[in-house]
Structures are given as C-alpha cells and as structure tokens.
Amino acid sequence: MTDNKEPNGSGDAGSSGSSDDIPSAGTSNTEDAADKAEAVSSELYDLIGIKGKASETGPGVSECGGKDPEKYFTIFHPWSFTPASADQLDGVMERLKTELPKHGWKVVDFGPDSSQNKNLNLTADNDEKKYSVKIVQMLKREPAKLSLTVVSGCYQVPDGEKVYRF
C-alpha cells in the first residue's frame with residue numbers, strides 16, 4: 001500500500017505541506033482564530049527573552065488545502081523581531097530550542113538553511129494549541145532580526161457561518 005495518500009501521523013519534518021499534514025484546530029470563526037494566533041505570537045515574543053521591537057503585522061486567513069474554502073481556513077501570522085542591538089541575538093535560537101519544549105512546543109527542525117547566509121532556522125509544533133512556528137535568524141540583514149511565521153491548524157467555521165478573509 002505504498003500509494004496510500006492518507007495521513008500517517010508521523011509528523012515528518014520533511015513533509016510537502018499538503019492538506020493531509022494540517023491537523024484540525026477545531027471550530028472557530030476567523031476573528032477568534034486570528035486573536036488566538038496573536039496570543040500565540042505574544043507568547044513566542046515573551047520566550048525570545050531579549051529587549052527589542054516586534055513588527056506590527058496582523059494575522060491573515062488562508063485556505064485549508066483541498067477543503068471547502070467557504071468552511072475551512074488556516075490563520076497565518078508573519079512577524080519579525082528586531083533586537084535593540086544585533087549582538088543580543090547571539091544564542092537566542094539555541095535558547096529557544098531549549099525553552100520551547102518547556103512550553104508545549106516540539107522542535108521538529110533546527111539548523112542552517114541553504115541560503116548563502118546560512119540563516120539558522122527553527123520549526124516547532126504545538127499539538128495542544130494546534131499551531132506551528134518557523135523562526136529564521138537573519139544575522140546578516142541590516143538590521144539583524146528574527147523572522148517568525150505562526151500558522152494554525154485547519155479550522156472549520158461554525159454552522160451557518162462563512163470564512164471571513166482579511
């Protein structure tokens with residue numbers, strides 16, 4: 001049965017990102033789900049543990065691949081963190097790799113990417129919250145920063161409601 005396309009629950013970090021890999025996040029309207037994404041981002045901001053400034057970008061709504069776009073959606077929240085000084089980023093990713101699991105996150109990928117700058121990447125999943133985060137440390141940018149993308153599982157809107165896109 002090697003052709004079976006059913007999700008296997010392996011949580012393979014090298015997955016293609018198909019809808020089979022997106023866990024159900026339950027039932028919610030888009031506004032409440034976006035509020036939850038901002039709360040998750042706020043918790044991550046606190047875990048960074050250094051002084052700095054977060055970008056002001058808000059969450060967005062995306063389709064839940066292969067499912068009815070009128071009833072199913074995911075929330076994504078891309079934002080960045082710029083420290084007061086670049087040297088404050090020294091050791092932050094290693095600390096996050098240690099601290100995130102203490103707060104319900106499972107680190108599924110950690111290491112440099114294939115870019116010329118070899119940016120350090122960390123990907124973690126929180127099964128209880130039904131969220132995932134990808135953090136990229138960009139030391140060679142001016143200014144140096146962390147780029148974070150928080151993504152929810154697949155929500156279903158309550159009966160009688162539709163997905164509101166923003």
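- A donor-acceptor distance shorter than 3.5 angstrom exists from the side chain of N126 to the backbone of E128, with no hydrogens or angles considered.
- Here the shortest heavy-atom pairing between P143 and T82 reads CG-CG2, 3.8 Å.
- For S42 (side chain) and E38 (main-chain N/O), no donor-acceptor pair under 3.5 Å exists by modelled atom type.
- Side chain of S55 to main chain of S80: a donor-acceptor pair is present (N/O by atom type, distance under 3.5 Å, no hydrogens or angles).
- When all heavy atoms of L96 and L47 are compared, the pair lying nearest together is CD2-O, 3.6 Å.
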Stepwise salt bridge (charged side-chain N to carboxylate O under 4.0 Å, His left out) check, K129 with E43 = CA-CA 12 Å; K129 294 182 187 302; E43 290 171 20; 3.3 Å; yes

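- Using a 4.5 Å heavy-atom cutoff, the side chains of I50 and L89 are in contact.
- Relative ring orientation between Y155 and F73 is described as parallel, the plane-to-plane angle staying below 30° on a 0-90° scale split at 30° and 60°.
- Between the side chains of S115 and D113, at least one donor-acceptor pair of N or O atoms lies under 3.5 Å.
- Between L139 and N117, the closest side-chain pair of non-hydrogen atoms is not below 4.5 Å.
- At least one side-chain heavy atom of V107 sits less than 4.5 Å from a side-chain heavy atom of P101.
- Side-chain N or O atoms of K130 include one that pairs as donor or acceptor with a backbone N or O of D127 at under 3.5 Å.
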query = Where do V133 and W105 land on the side chain to side chain contact (heavy atoms under 4.5 Å, CB included) test, with the steps shown first?
reply = CA-CA 9 Å; V133 63; W105 295 87; 3.8 Å; yes

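- Within the 4.5 Å cutoff, the side chain of P59 has no heavy atoms near those of the F76 side chain.
- K97 pairs with exactly one of V92, I135, L122, L120 by the side chain to side chain contact (heavy atoms under 4.5 Å, CB included) rule, that one being L122.
- Residue I22 comes nearest to C64 through the heavy atom pair CG2-SG, 4.3 Å, listed as atom of the first residue, atom of the second, then distance.
- Put simply, the side chain of V40 reaches to within 4.5 Å of the side chain of L44, judged on heavy atoms.
- A heavy-atom distance below 4.5 Å is found between the side chains of S132 and T123.
- Atom CG of D159 sits in a sparse spot, with 12 or fewer heavy atoms from other residues, nucleotides or ligands closer than 6.0 Å.
- With a 4.5 Å cut-off on side-chain heavy atoms, Y131 and K36 count as touching.
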